[in-house]
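Let me begin by presenting the structure, written as structure tokens, before commenting on it.
Model, not experiment: these values are computed from the prediction. All values below were derived from every heavy atom in this structure, side-chain atoms included, with hydrogens, water molecules and symmetry-related copies excluded. By convention in this document, chain letters (A, B, ...) are assigned in the order of the sequence lines, proteins followed by strands, and residues within each chain are numbered from 1.
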Number of protein chains: 2
Amino acid sequence: MVDIFKALAEESRLRILSLLLEGELCVCEIEACLRMTQSNASRHLAALKKCGILESYKNAQWTYYKMNDAFIQQNKGLWEHLKDRLKVLPSYLLDCEEYRKCKAQGLCRQNKKPH
Amino acid sequence: MVDIFKALAEESRLRILSLLLEGELCVCEIEACLRMTQSNASRHLAALKKCGILESYKNAQWTYYKMNDAFIQQNKGLWEHLKDRLKVLPSYLLDCEEYRKCKAQGLCRQNKKPH
DNA sequence: TACGCTTATGAGCATTTACTCATATACTAT
DNA sequence: ATAGTATATGAGTAAATGCTCATAAGCGTA
């Protein structure tokens with residue numbers, strides 16, 4: 001229990017989760033949307049995965065992270081809280097705007113294969 | 001949001017909250033039940049109060065802390081989570097046992113006035 | 001094979017956090 | 001008033017955490 005709260009007790013990690021409410025993203029997309037270094041993005045994602053909040057899979061050179069279904073099933077109250085509150089983070093609208101720009105500009109390799 | 005998670009990201013503070021599920025307690029009761037120093041108990045309680053999870057009032061020389069009703073009202077999902085999970089903390093049964101001992105032995109002054 | 005892109009991680013450093021010890025304040029009862 | 005109890009908090013220290021820079025490993029394409 002305390003491990004989950006430790007993972008949630010960091011603003012950058014909450015911003016990551018707010019983006020992942022909409023679906024999965026790879027590390028470089030998160031890095032771009034949140035304007036953080038590759039190193040930081042990777043480490044924060046690893047921390048969220050380690051405590052079970054996120055899961056990941058690899059496709060080609062990309063690692064995709066998304067909410068862990070088991071976490072959602074096993075933490076319904078907390079998940080309701082997160083779904084509501086992550087969307088009212090002060091940074092949320094700006095981060096979403098960056099996400100749209102990234103998608104429009106085709107960041108990461110432009111010709112990713114579907115998966 | 002992050003301030004609340006920071007406050008919850010500490011095992012001693014979760015144990016304090018688990019005791020306060022049942023009702024209010026003064027600092028020296030928490031200190032005794034959780035076998036922590038007076039200084040630590042006071043500081044952890046102050047941290048939980050500062051972010052709005054707890055509220056407190058004074059009566060004679062005692063300060064009583066309890067869950068903040070406004071927090072419960074405004075964080076229903078998180079509160080459901082806490083109510084469930086605090087009771088399955090590894091330390092919970094032992095801490096409750098200490099609480100019963102404290103009450104039986106009349107710790108704090110034995111002749112507290114009702115309030 | 002060689003190169004570029006993506007990701008993970010080691011090392012060093014700065015900041016934050018939690019702890020202990022000491023002390024100050026406030027209240028009660030004698 | 002004086003002593004005892006309860007609480008809060010300053011100072012110093014040790015541990016944990018997050019950041020940057022550098023590097024290594026994996027994968028795809030030319």
Quiz item: Choosing from C:dA8, D:dA6, D:dG18, which nucleotide comes nearest the side chain of A:Y65?
Solution: C:dA8
Quiz item: Just checking A:E10: base, sugar-phosphate only, or nothing, at a heavy-atom cut-off of under 4.0 Å?
Solution: sugar-phosphate
Exercise. Examine D:dC19: is either OP1 or OP2 under 4.0 Å from a nitrogen or oxygen in the side chain of A:H44? Give yes or no.
Key: yes
Quiz item: Quick one: A:I30 CD1 to C:dT6 C1', roughly how many Å, whole number?
Solution: 13 Å
Quiz item: Taking the nucleotide of DNA chain D with the closest heavy atom to each, which residue, B:R43 or A:K58, is nearer the 5' end?
Solution: B:R43
Practice problem: Find which nucleotide of DNA chain D each of A:K6 and A:T37 is nearest to by heavy atoms, and output the residue with the more 5' nucleotide. | Solution: A:K6
Practice problem: Check the distance between C:dA18's C1' and B:M36's CE and give it to me in whole angstrom. | Solution: 11 Å
Exercise. Applying side chain to side chain donor-acceptor pair (under 3.5 Å) between A:E24 and each of A:Y57, A:Y64, A:Y65, report the one that passes.
Key: A:Y57
Quiz item: Whole-Å distance between D:dA8 C1' and B:L54 CG?
Solution: 16 Å
Quiz prompt | Exceeds 12 heavy-atom contacts within 6.0 angstrom, atom CD of A:E55 | solution = yes
Exercise. Only one of A:N68, A:I4, A:I16 passes side chain to side chain contact (heavy atoms under 4.5 Å, CB included) with A:I53; say which it is.
Key: A:I4
Self-check item: Interatomic distance where CH2 belongs to B:W62 and C1' belongs to D:dA8 [whole Å]
Solution: 17 Å
Exercise. Would you indicate which nucleotide in C:dT9, D:dA6, D:dC27 comes nearest to any side-chain atom of A:A60?
Key: D:dC27
Quiz item: Has the side chain of B:S39 got a donor or acceptor that lies under 3.5 Å from a partner of the other kind on the base of C:dC21?
Solution: yes
Exercise. Mind checking B:T63 for me? I need base, sugar-phosphate or nothing, with any heavy atom below 4.0 Å counting as a touch.
Key: sugar-phosphate
Exercise. Grab the OH-C1' distance between B:Y64 and C:dA26 for me, whole Å please.
Key: 15 Å
Quiz item: Can you check the A:D3 CG to D:dA16 P distance for me, whole Å?
Solution: 14 Å
Quiz item: Where is the tightest heavy-atom contact between B:A32 and B:E98, given as atom of each residue plus distance?
Solution: O-OE1, 4.3 Å
Quiz item: Does the D:dA6 base have a donor-acceptor partner in the side chain of B:Q38 within less than 3.5 Å?
Solution: no
Self-check item: Per A:N40 side chain, nearest of listed nucleotides D:dT5, D:dT20, C:dT20
Solution: D:dT20
Exercise. Mind listing the closest non-hydrogen atom pair of A:A9 and B:K6 along with its distance?
Key: O-NZ, 3.3 Å
Quiz item: In whole Å, what is the span from the CZ atom of A:R15 to the C1' atom of D:dG18?
Solution: 15 Å
Quiz item: What integer distance in Å separates B:N59:CG from D:dT5:P?
Solution: 19 Å
